[in-house]
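See structure below.
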Amino acid sequence: MRLSRSLVPTLKETPAEAQIASHRLMLRAGLVRQTSAGIYAWLPAGWRVLQNIAQIVREEQDASGAQEVLMPTIQSADLWRQSGRFDAYGPEMLRLKDRHDRDMLYGPTNEEMITDLLRQSVKSYRELPQNLYHIQWKFRDEVRPRFGVMRGREFLMKDAYSFDLDHAGAVVAYRKMMLAYMRTFRRLGVQAIPMAADTGPIGGDLSHEFIILAETGESQVYYDAAFERIDYSAGAVSYESEADLARFYETMTTPYAATDEKHDITAWAKVAEKRGGRGIEVGHIFYFGTKYSEPMGLRVAGPDGSQVVPHMGSYGIGVSRLVGALIEAHHDEAGIKWPDSVAPWKAAILNLKVGDAACDAICEGIYAKMAGNALYDDRSDRAGAKFADADLMGHPWQIVVGPRGAANGMVELKRRATGERAELSVEAALAKVL
Ligand code: P5A
């Protein structure tokens with residue numbers, strides 16, 4: 001993209017309404033704009049980041065064996081009456097009426113709808129297990145939307161739903177999803193720790209939140225310092241091996257880490273090095289057995305012909321929240337430092353003298369070779385403004401093209417994360433970046 005023709009409205013001033021670094025930087029770097037309380041429009045750079053995150057989430061869900069679908073945002077209240085949640089959900093649910101005066105709602109989550117879909121299509125134990133997910137906008141009329149996209153009212157979630165014949169099968173599905181999450185967060189460039197959690201309005205008796213430690217986080221967390229020494233990389237574990245999955249689950253959850261110090265009081269009492277802190281909840285997984293399948297009448301014929309009520313789990317990732325969370329984890333005074341995996345562009349090309357034949361030719365050449373992966377700062381602004389905007393926007397690489405170097409075919413390459421700079425030929429710089 002050419003910056004001179006793009007909608008990337010960067011701000012020099014710090015917006016007064018933003019209390020935390022990620023919210024300030026998302027506004028200053030021109031990623032989003034609020035359109036009403038807790039509701040945001042995603043501008044070109046922000047939309048690219050959001051799609052990059054969604055794509056990594058998608059690839060890891062697919063790798064775990066989950067199937068992508070797309071369910072609607074608008075749901076019928078009837079389904080929620082069947083599970084008993086229509087009244088129970090309270091004022092967080094945005095309720096609507098259609099022209100025939102039928103009760104509808106903007107989905108805050110999809111347990112009911114997916115249970116209905118399975119009820120219509122799955123008849124036999126042979127069709128289980130199933131795991132279905134979508135990446136779709138949700139609406140929750142939060143009492144206090146705040147911190148920008150971190151706690152929005154409209155937000156993008158990946159939500160997956162597993163269906164198994166029995167408890168043992170559901171436990172395997174739960175562990176697979178935990179593995180998929182660890183791999184996802186690692187690829188996104190953050191460390192998220194699974195912490196035992198309360199289940200709230202989703203229900204059930206087994207649940208983990210995935211928490212990125214950050215001083216500005218909304219969640220209070222309690223953990224054993226031993227967890228800091230665990231290898232969370234989830235390297236050689238196979239989705240196909242139940243023994244692998246069991247071992248992996250043990251490793252991930254053995255040192256005490258919970259969003260509530262009373263979650264398992266006996267374990268907490270035994271913790272030698274107690275730690276408390278703040279964290280950002282970027283994912284949350286639940287096993288809730290037959291909480292929805294039972295009242296909604298989902299049944300499959302079991303091997304002996306009897307009617308079996310499938311066991312379910314649901315698994316969320318806050319895709320739009322992650323944009324803020326990643327910035328909390330990767331920024332400095334000057335701006336964002338995007339991990340390579342999610343950056344809106346791999347590199348910015350900074351033309352320090354637009355109109356200079358050598359500078360223009362080199363920039364155009366690099367821009368063409370990078371085929372859509374570069375943001376070309378072709379504005380006729382002064383160099384200082386371009387450096388400041390590039391640092392603010394957080395491109396992993398900056399390719400700086402000035403008249404002195406350009407005359408000799410040389411450019412300066414800067415790595416945003418470390419601040420390292422090197423004077424290189426155009427070819428060498430491109431080779432490093434691509
Ligand atoms: C799990 C998937 C659920 O809704 N049902 C389907 C279950 N879980 S959850 O914990 O309530 O939400 C999952 C993740 O969504 C993100 N999230 C939010 N992000 C931005 N703004 C919000 N208001 C918001 N609420 C939830 C969180 O990352 C959460 O872990």
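Atoms within a ligand are numbered from 1 in the order they appear, just like the ligands themselves.
- Ring geometry for Trp42 versus Trp137: interplanar angle of 30 to 60°, hence tilted.
- Looking only at protein heavy atoms, the nearest one to atom 27 (C) of ligand 1 is Arg321 NH1, 3.6 Å.
- Nearest to atom 13 (C) of ligand 1 by heavy atom, out of Arg146, Glu209, Met157, is Met157.
- Closest heavy-atom approach to atom 4 (O) of ligand 1 within the set Arg140, His284, Glu111, Arg144: this belongs to Arg140.
- Looking at atom 21 (N) of ligand 1, its nearest protein heavy atom turns out to be Gly152 N, 3.1 Å.
- Nearest to atom 29 (C) of ligand 1 among the protein's heavy atoms is Glu281 OE2, 3.1 Å.
- Counting only heavy atoms of the protein, atom 3 (C) of ligand 1 lies nearest to Ile202 CD1, 3.6 Å.
- The residue among Phe288, Tyr133, Phe286 with a heavy atom at the shortest distance from atom 7 (C) of ligand 1 is Phe286.
- The cationic group of Arg415 lies under 6.0 Å from the six-membered ring centre of Trp397 and within 45° of the ring axis, placing it in a cation-pi geometry.
- Looking at Asp116, Asp103, Asp87 one by one, the single match for salt bridge (charged side-chain N to carboxylate O under 4.0 Å, His left out) with Arg81 turns out to be Asp103.
- Atom 17 (N) of ligand 1 has Phe155 CE1, 3.5 Å as its closest protein atom, hydrogens excluded (heavy atom only).
- With respect to atom 20 (C) of ligand 1, the closest heavy atom belonging to the protein is Met150 O, 3.3 Å.
- Ring geometry, His167 versus Tyr287: the interplanar angle exceeds 60°, so the pair is classed perpendicular (tilted spans 30 to 60°).
- Classification of the Tyr249-His208 ring pair by plane angle, with boundaries at 30° and 60°, yields perpendicular.
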